[in-house]
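Counting convention: from 1, in listed order, for ligands and their atoms alike. Keep in mind that this is a model prediction, so the values were computed, not measured.
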Amino acid sequence: MRYFVGIDIGSTAIKISVADENKNLIGHKISASGSMFYKYAQEALAELLKELSIDESEVVYTVATGYGRKLFKEADENISEITANAIGAQQAAKSYGNIKTIINIGGQDSKAISLDAEGNVVNFAMNDRCAAGTGKFLDVVAMNLEIGVDELSDYHFKSVGTPLSISSTCAVFAESEIIGLLGNNHSVEDIVSGVHYSIAKRIVKLVKRVGVKENVYFDGGPALNDGLVNAIENELGHKIFVPEYPQITTSYGAAVLACDAFMCNMQSEEGK
Ligand code: ADP
């Protein structure tokens, strides 16, 4: 068998996807980026191949993407995460419908990508100046509330009434604002939903810069948080599609591209 690997070296996590010749996702792995991107990426790939009982020789093409993509020297190619994200989203949402808008919230930045009917990227906007509207912001909030990021959603849905207004635009300021809200006897539930709505408002502004066209796809680690999904849908006034594995869309896109690049090279070799 021939397999194709996409590896997304993000600021927070390394994501690896393996696809078969039909571009089906057959396995993936997510591990912390840490300080030694290259070493951790190599180790994570070796572990994933072992788990899938795939021999290294069966991996015929590898595409790297993400913040640290140039550090992964074994890759046959590297591509921008915007392109990989767009390709991965369309493949992951194939049975749902055509994706025209992508919202991606990562550890350190957030993006809105607009696609045309053929799935080409026509425009994108990015927010990386500050941690507000990123996974890092949610991590700081969760830490200050002494809960896990994976618990934020449960707290969100237990909040009643109008969401609290959170004015901080940076994680560092949010920290003292949250301590102040706790001191004023606001519940953890209401603070969490307030934070989700403040992020949602920022994201909606970002998406409006590229234009909102349905279907809207949401990915990145924070898309695992149903409470945040709910806040974005309410602010946007549109339903959004979240794939089964939102953290790996970009690495999956790189694996799909690896498959296309390999098949294309084969055809040109045969044509000689
Ligand atoms: P990057 O690509 O920049 O490394 P990711 O897309 O992997 O970032 O997103 C990382 C963020 O996802 C974390 O900072 C965290 O806030 C969020 N996250 C990770 N796992 C979960 C989870 N189980 N539930 C909710 N949020 C999560």
Side-chain angles (χ1 to χ4, degrees), residues 6-17 28-38 40-41 44 64-72 78-86 88-89 92 102-113 124 126-157 170-172 174-175 178 188 192-193 195-196 198-200 202-203 206 217-232 240 242-255:
I7 179 155
D8 171 17
I9 306 189
S11 56
T12 314
I14 294 165
K15 279 79 66 173
I16 306 176
S17 293
H28 71 269
K29 191 168 195 75
I30 302 167
S31 62
S33 300
S35 53
M36 291 182 283
F37 292 101
Y38 178 59
Y40 294 153
T65 185
Y67 176 79
R69 63 183 179 271
K70 300 216 168 108
L71 300 173
F72 197 73
N78 65 69
I79 53 157
S80 91
E81 57 255 52
I82 308 274
T83 310
N85 201 339
I102 300 171
I103 297 171
N104 170 275
I105 307 185
Q108 314 255 343
D109 59 27
S110 39
K111 299 181 205 87
I113 306 171
F124 75 92
M126 204 160 162
N127 166 16
D128 60 358
R129 275 168 300 169
C130 198
T134 66
K136 174 83 186 151
F137 190 82
L138 288 162
D139 296 344
V140 169
V141 167
M143 194 185 74
N144 278 281
L145 295 174
E146 297 183 0
I147 59 174
V149 270
D150 54 349
E151 292 178 285
L152 289 169
S153 182
D154 290 346
Y155 282 93
H156 174 95
F157 288 111
C170 271
V172 253
E175 204 159 352
I178 282 158
V188 172
V192 168
S193 102
V195 165
H196 286 161
S198 94
I199 293 179
R202 258 164 222 289
I203 292 299
L206 187 74
Y217 183 97
F218 177 28
D219 68 4
L224 288 162
N225 176 344
D226 291 341
L228 181 62
V229 174
N230 168 262
I232 297 178
I240 52 184
V242 179
E244 188 177 4
Y245 306 114
Q247 245 179 316
I248 60 151
T249 305
T250 303
S251 64
Y252 183 33

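At a threshold of 4.5 Å between non-hydrogen side-chain atoms, the residues Phe137 and Val195 count as touching. Here the side chains of Asp154 and Ile147 are not in contact, with every heavy-atom distance at 4.5 Å or above. Lys15 places none of its side-chain heavy atoms less than 4.5 Å from the side chain of Thr250. Put simply, the side chain of His196 reaches to within 4.5 Å of the side chain of Leu228, judged on heavy atoms. Under the 4.5 Å side-chain criterion, counting only non-hydrogen atoms from C-beta, Tyr67 is in contact with Phe37. Taking the side chain as every heavy atom from C-beta outward, Asp150 and Leu224 never approach each other to under 4.5 Å.
Across the listed options Asn85, Asn104, Asp150, Thr12, Asp150 owns the non-hydrogen atom lying nearest to atom 24 (N) of ligand 1.
The nearest protein atom to atom 7 (O) of ligand 1, hydrogens excluded, is given as Gln247 NE2, 2.8 Å; this is a heavy-atom distance. Shortest contact from atom 1 (P) of ligand 1 to any protein heavy atom: Lys15 NZ, 3.4 Å. Closest protein heavy atom to atom 6 (O) of ligand 1: Gly221 N, 2.9 Å. Atom 22 (C) of ligand 1 has Leu224 CD1, 3.7 Å as its closest protein atom, hydrogens excluded (heavy atom only). Closest to atom 25 (C) of ligand 1, if we only count protein heavy atoms, is Val149 O, 3.6 Å. At the top of the distance list for atom 14 (O) of ligand 1, counting protein heavy atoms only, stands Asp139 OD2, 2.7 Å. Given atom 3 (O) of ligand 1, the protein heavy atom at minimum distance is Gly107 N, 2.9 Å.
The shortest N or O to N or O distance between Leu138 and ligand 1 is not under 3.5 Å. Remark: ligand 1 and Ala13 share an N or O pair separated by less than 3.5 Å (distance only, no angle test). In terms of polar-atom proximity, Asn225 is not counted as a contact of ligand 1, lacking any N or O under 3.5 Å from an N or O of the ligand. Inclusion of Gly135 in the set of residues having an N or O under 3.5 Å from an N or O of ligand 1 is warranted. An N or O contact shorter than 3.5 Å is missing between Gly220 and ligand 1 by distance. Considering both main-chain and side-chain atoms, Asp8 never comes within under 3.5 Å of ligand 1 through any nitrogen or oxygen pair.
Every atom of ligand 1 is numbered from 1 in the order shown, and the set under 4.0 Å from a heavy atom of Pro222 is 9 (O), 11 (C), 12 (O), 17 (C). Taking every heavy atom of Gly10 and a limit of under 4.0 angstrom, the matching atoms of ligand 1 come to 4 (O). Residue-ligand proximity, Gly106 to ligand 1, at heavy-atom distances under 4.0 Å covers atoms 3 (O), 6 (O), 8 (O), 9 (O).
Ser17 places no side-chain N or O within donor-acceptor distance of the main-chain N or O of His28, the cut-off being under 3.5 Å.
With hydrogens and angles left out, the side-chain atoms of Tyr217 and Thr249 include a donor and acceptor closer than 3.5 Å. His156 and Asn225 are not linked by any side-chain donor-acceptor pair at a separation below 3.5 angstrom, with hydrogens and angles left out of the test.
Only one option out of Ile232, Thr134, Val141, Leu138 pairs with Ile199 in a side chain to side chain contact (heavy atoms under 4.5 Å, CB included); it is Leu138.
Atoms CD1 and CG, on Ile103 and Leu206 in that order, are 8.5 Å from each other to the nearest 0.5 Å.
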